[in-house]
Amino acid sequence: MPDIRLHIEDSGGDGRPVVLIHGWPLSAESWDEQTDALVAAGYRVVSYDRRGFGRSEQPETGYDYDTLAADLDSVLTDLDLDDVTLVGFSMGGGEVARYVSAYGQDRVRSVVFAAAVPPFLLQSDDNPDGPLSEELYQQMRGGLEQDRDAFLDDFTTGFFSTAEGLQVTEEQRQQALALAKQSSQAAALGAMDAWATTDFRDDLGAISVPTLVIHGDGDQTVPFEGSGRRTHAAIDGSELHVVEGAPHGLNVSHAEEFNRALLGFLAE
C-alpha cells in the first residue's frame, strides 16, 4: 500500500473485479448508484477514497497524477486484483490513463472513461481544443482559495446541471456537497491543479484493452466535445455512449442508463 492510509470499500466475492475511481471533490460514496447494480450482476466491486478526500488520510502533498496512479497500483497490488475493469469518473479517468501508461495492462481487462477529463483540459496553443481556458482555471482556483464553502456549493450545482438547469434533486446535490466538504483544502487545490493541467494525450496511446467512453451531452463541467469525444477518437476501437440531456454527474442523474451501458460493456 502507499505511504498513507486509503479508505477502501470491497464487496468481496469471487466475481470479476470492477474498480471504481471517483471524481473531484467527492469520495467513493459517490458510486452508490452503481455499487448495488454491479454487485447484483455478480461483480466484485472495489472503490476507494482518493488521498485527501473522503475517509482517506489527508497529506499536504501527493496530488499529481504520477502519485495518484501509484496509489491505484497499490490498491490493485494489495488486493491482488487481476482481470480488472477500471472505471474512472471525471478526475478518475486521469488515474486510469496514467496507470495504464505507467504500469501496463497485465492486471487490466478493460477500462471506462466516464465524463472523464482526458485527453487534456487546459486550452493552449498546443491544445486549442481544450475546453478549459487559463482564465477560467485561475478563476476557479481563486474561488476555491477565497471562499471554499461558496465555491463548493456553486460547483456541485454546476456538476449536476445542464443548460436546462439542475438534473437531480436538491437532496442529491446536498449529499454530493457533504462529500465535497470532507476533502482537505490542500487536496482540493492540489487535485484541481492536476486535473486542470495534466496532459494525458500520450497516456491514451498506451491503451489497447477494450474501452468504453460514456459522457453526457449536457456536461458543463467537463464538456463532451473537448474531452469524451476526443478520448474516443484517440483510442482505437473504443466504444462511445453519449447520454442525451445528462450533466457531468450523470452516474447519479441518469443512473439507470449509465448502469445499463456499463453492465452491457462489462458483459461483452
Side-chain angles (χ1 to χ4, degrees), residues 1-11 19-32 34-35 45-79 81 86-99 102-103 114-117 121 137-138 140-159 172-198 200 221-222 248-249 251-252:
M1 291 298 293
D3 57 358
I4 61 155
R5 180 191 55 77
L6 295 179
H7 178 88
I8 300 173
E9 299 281 348
D10 184 356
S11 71
V19 176
L20 305 174
I21 307 160
H22 68 83
W24 184 97
L26 307 178
S27 75
E29 291 184 76
S30 61
W31 288 112
D32 283 354
Q34 282 65 56
T35 300
V45 180
V46 175
S47 58
Y48 63 97
D49 294 352
R50 182 181 289 107
R51 63 167 59 210
F53 296 82
R55 298 149 290 185
S56 285
E57 197 171 336
Q58 301 188 336
E60 289 299 307
T61 60
Y63 299 104
D64 60 283
Y65 270 103
D66 288 343
T67 303
L68 298 176
D71 287 350
L72 172 57
D73 179 62
S74 296
V75 171
L76 301 184
T77 302
D78 187 65
L79 296 178
L81 299 178
L86 299 175
V87 184
F89 175 84
S90 192
M91 179 180 183
E95 270 115 320
V96 172
R98 184 57 52 87
Y99 171 83
Y103 297 93
V117 299
L121 285 186
Y137 161 50
Q138 294 299 339
M140 291 175 64
R141 199 182 197 287
L144 178 58
E145 283 184 309
Q146 292 160 22
D147 191 338
R148 172 181 163 91
D149 286 347
F151 177 87
L152 292 176
D153 187 60
D154 184 63
F155 184 84
T156 52
T157 299
F159 192 95
Q172 288 172 312
R173 189 189 76 84
Q174 288 292 337
Q175 288 170 348
L177 180 57
L179 297 183
K181 288 182 176 180
Q182 292 175 9
S183 64
S184 77
Q185 182 73 336
L189 287 166
M192 175 186 280
D193 290 339
W195 58 251
T197 68
T198 302
F200 299 103
T221 304
V222 180
H248 188 55
N251 65 310
V252 175

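Contact of the P25 side chain with the L152 side chain is registered, since non-hydrogen atoms from C-beta on lie closer than 4.5 Å. Between R98 and T198 the shortest side-chain heavy-atom distance falls below 4.5 Å. Between I21 and Y48 there is a side-chain heavy-atom pair separated by less than 4.5 Å. Put simply, the side chain of D193 reaches to within 4.5 Å of the side chain of Y137, judged on heavy atoms. Taking 4.5 Å as the limit, every side-chain heavy atom of W195 sits out of range of all side-chain heavy atoms of V222. For the pair Q175/V252, no side-chain contact is recorded, criterion being any heavy-atom separation below 4.5 Å from C-beta on. Residues L76 and Y103 have side chains not in contact (no heavy-atom distance under 4.5 Å, counting atoms from C-beta outward). L144 places a side-chain heavy atom less than 4.5 Å from the side chain of Q185.
Under 3.5 Å, the side chains of R173 and T156 contain a donor-acceptor pair of N or O atoms. For the residue pair S47 / H22, no side-chain donor-acceptor distance below 3.5 Å is found, with atom types taken as modelled.
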Quiz prompt | Verdict with reasoning, S183 to R148, per side chain to side chain contact (heavy atoms under 4.5 Å, CB included) | solution = CA-CA 11 Å; S183 64; R148 172 181 163 91; 3.1 Å; yes
Practice problem: Carefully, step by step, assess E29 and D49 under the rule side chain to side chain contact (heavy atoms under 4.5 Å, CB included). | Solution: CA-CA 8 Å; E29 291 184 76; D49 294 352; 5.7 Å; no
Practice problem: Please step through side chain to side chain contact (heavy atoms under 4.5 Å, CB included) for the pair W31 and V45, ending with a clear verdict. | Solution: CA-CA 10 Å; W31 288 112; V45 180; over 6 Å; no
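For the pair P59 and A186, the tightest heavy-atom approach, listed with the atom from each and the gap, is O-CB, 4.5 Å. G62 and R51 make their closest contact through O-CD, 3.1 Å (heavy atoms, listed as atom of the first residue, atom of the second, distance).
R50 has no carboxylate O lying under 4.0 Å from a charged side-chain N of D71, or vice versa, which leaves the two without a salt bridge.
In terms of modelled atom types and a separation under 3.5 Å, the side chain of Q34 and the main chain of N251 share a donor-acceptor contact. Counting only distance, with no hydrogens or angles, the side chain of D10 and the backbone of V46 share no donor-acceptor pair below 3.5 Å. A distance-only check finds no donor-acceptor pair linking the side chain of Q146 to the backbone of F151 [under 3.5 Å]. Checked by atom type and distance alone, the side chain of S56 never pairs as donor or acceptor with a backbone atom of G52 at under 3.5 Å.
Remark: aromatic rings of F53 and H7 are distant, center separation not under 6.0 Å.
The aromatic rings of F159 and F89 are tilted relative to each other, their planes meeting at an angle between 30° and 60°.
Within 6.0 Å of CD in E60 there are 12 or fewer heavy atoms belonging to other residues, nucleotides or ligands.
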